[in-house]
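Scroll down for the structure; my scribbles are underneath it.
Every heavy atom of this structure was used, including side-chain atoms; hydrogens, water molecules and symmetry mates were not.
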Amino acid sequence: MTTAEERFASFRDLHRPGDPLLLPNAWDYGSAAALAAHGFAAIGTTSLGVAAVHGKPDAAGATRAETVELAEQMCGLGVMVTVDIEGGFSDDPAQVSDLVAALAALGVAGVNLEDGRPDGTLRPIALHQRIIEAALGHGVFVNARTDTYWLKTGDTLERVRAYGHANGIFVPGLSDPGEIAEVVAATSLPLNVLYQPGGPPLDRLAEAGVARVSTGSLLYRASVQGALAAVLAVRGEPAPPMPSYAEIAAILPQP
């Protein structure tokens, strides 16, 4: 049995600029077990996938219980687990602290905390700084995510610098190698980016100084595409394209 501090150190050490951690994201126990069986040392969760499995909206703070339940199941797989907790499921730092402490007690190694809100705005910087601070100190790697690229608002470098007390920085949507290098230079924290089909390959992201590459909702969306392709083939119809994040989010219940 490892301690929270040992899990934290082991997970932190997987974040190597120039030799990034490839982090696949699971949406249920079966997908996590399949990924663990293929030798991935660490597995994350995807909030979109968890929301879709349970028929709830994504990024709206609606899946706290479901996320905790999945985290508990995944911690029995013998891999390090990092959990997408959206914005912490609360704007109250004390509640976020309690959530992260509970996840640490289950054996979780890391969490993602995002500043994007369902209405397309960003959480005020000072508030998100307090949320990050509340998540620290539990032996859990806190990956501070800023949605400036995702939502096309705000100043990325301002946010990256403001969240420098976290353990890692995540900027989904960031894909240009030059812009990635600029963010790497702006922080001493390991940078996490989201893999994008058609974007830079893993080796190019490594060259830019990335320390972690997540798949986000990609694997869940690929599974939906695969299921549709299989059933449409029975009818002699061609496989559909992979659905986008927006297409999946649009068919879920709305906040």
Side-chain angles (χ1 to χ4, degrees), residues 23-35 43-74 81-93 95-96 98-100 102-103 106 108 111-124 127-128 131 135 143 145-154 170 172-173 194-197 214-232 237 239-255:
L23 184 79
N25 297 82
W27 58 94
D28 62 8
Y29 180 82
S31 58
L35 291 165
I43 301 171
T45 65
T46 162
S47 65
L48 178 68
V50 173
V53 165
H54 294 283
K56 293 188 174 184
D58 182 33
T63 57
R64 185 186 189 278
E66 293 84 356
T67 297
V68 172
E69 181 181 13
L70 176 58
E72 184 174 14
Q73 293 171 342
M74 289 173 60
V81 175
T82 182
V83 182
D84 181 349
I85 58 171
E86 300 184 1
F89 299 113
S90 175
D91 277 341
D92 181 349
Q95 291 186 17
V96 175
D98 289 345
L99 171 61
V100 177
L103 290 170
L106 295 176
V108 165
V111 295
N112 274 3
L113 267 174
E114 63 197 49
D115 60 8
R117 288 175 152 170
D119 63 359
T121 64
L122 296 171
R123 179 182 267 159
L127 175 56
H128 201 60
I131 294 290
N143 204 34
R145 170 176 147 177
T146 182
D147 287 341
T148 51
Y149 274 80
W150 218 234
L151 301 176
K152 297 180 173 56
T153 186
F170 185 18
L194 188 69
Y195 176 77
Q196 300 181 57
S214 300
T215 60
S217 67
L218 175 64
L219 305 187
Y220 172 74
R221 293 184 289 110
S223 76
V224 172
Q225 180 191 32
L228 288 172
V231 72
L232 291 175
E237 298 177 18
M242 185 187 299
S244 67
Y245 174 94
E247 288 171 332
I248 295 293
I251 64 175
L252 299 181
Q254 298 306 299

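- When every heavy atom of V83 is checked against every heavy atom of V81, the shortest pair comes out as CG2-CG1, 4.0 Å.
- Of all non-hydrogen atoms in L99 and G88, the two that sit nearest each other are CD2-O, 3.7 Å.
- L219 places none of its side-chain heavy atoms less than 4.5 Å from the side chain of S31.
- Across all their heavy atoms, V100 and A135 have their closest contact at CG1-O, 3.5 Å.
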(message) Show, in sequence, the C-alpha distance, side-chain angles and deciding distance for V50 and Y220, and conclude whether the side chain to side chain contact (heavy atoms under 4.5 Å, CB included) test is met.
(response) CA-CA 9 Å; V50 173; Y220 172 74; over 6 Å; no
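- Remark: Y245 OH to T46 OG1 distance equals 8.0 Å, nearest 0.5 Å.
- The line from CE of M74 to CG of D28 is 9.5 Å long, rounded to the nearest 0.5 Å.
- In this structure, the side chains of L106 and V68 come closer than 4.5 Å at one or more pairs of heavy atoms.
- Using a 4.5 Å cut-off on side-chain heavy atoms (C-beta onward), I85 and L113 make contact.
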(request) Could you go through the side chain to side chain contact (heavy atoms under 4.5 Å, CB included) check for T63 and S47 one step at a time? (result) CA-CA 8 Å; T63 57; S47 65; 5.6 Å; no
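- When D147, T146, D115, D91 are each tested for a side chain to side chain donor-acceptor pair (under 3.5 Å) with R123, only one passes: D91.
- Closest of all the heavy-atom pairs between A249 and Q254 is O-NE2, 3.2 Å.
- Atom CD of E66 is surrounded by more than 12 heavy atoms from other residues, nucleotides or ligands within 6.0 Å.
- For the 3.5 Å distance criterion, the side chains of S217 and R221 qualify, holding a donor opposite an acceptor.
- With a 4.5 Å cut-off on side-chain heavy atoms, P253 and K56 do not count as touching.
- Remark: of the listed residues T82, D84, N112, N112 is the sole one forming a side chain to side chain donor-acceptor pair (under 3.5 Å) with N143.
- If you take CD1 on I43 and CG on L35, they are separated by 5.0 Å, rounding to the nearest 0.5 Å.
- Across all their heavy atoms, N25 and G216 have their closest contact at OD1-N, 2.8 Å.
- A donor-acceptor pair shorter than 3.5 Å can be found between the side chains of T121 and D119.
- Interatomic distance, CZ of R145 versus CD of E86, reported as 9.0 Å (0.5 Å rounding).
- Residue L122 comes nearest to G116 through the heavy atom pair CD2-CA, 4.1 Å, listed as atom of the first residue, atom of the second, then distance.
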(request) Evaluate the criterion side chain to side chain contact (heavy atoms under 4.5 Å, CB included) for residue pair L48 and W27; output intermediate values, then yes/no. (result) CA-CA 8 Å; L48 178 68; W27 58 94; over 6 Å; no
(request) Check the pair E114, W150 against side chain to side chain contact (heavy atoms under 4.5 Å, CB included), reporting the backbone distance first and the verdict last. (result) CA-CA 11 Å; E114 63 197 49; W150 218 234; over 6 Å; no
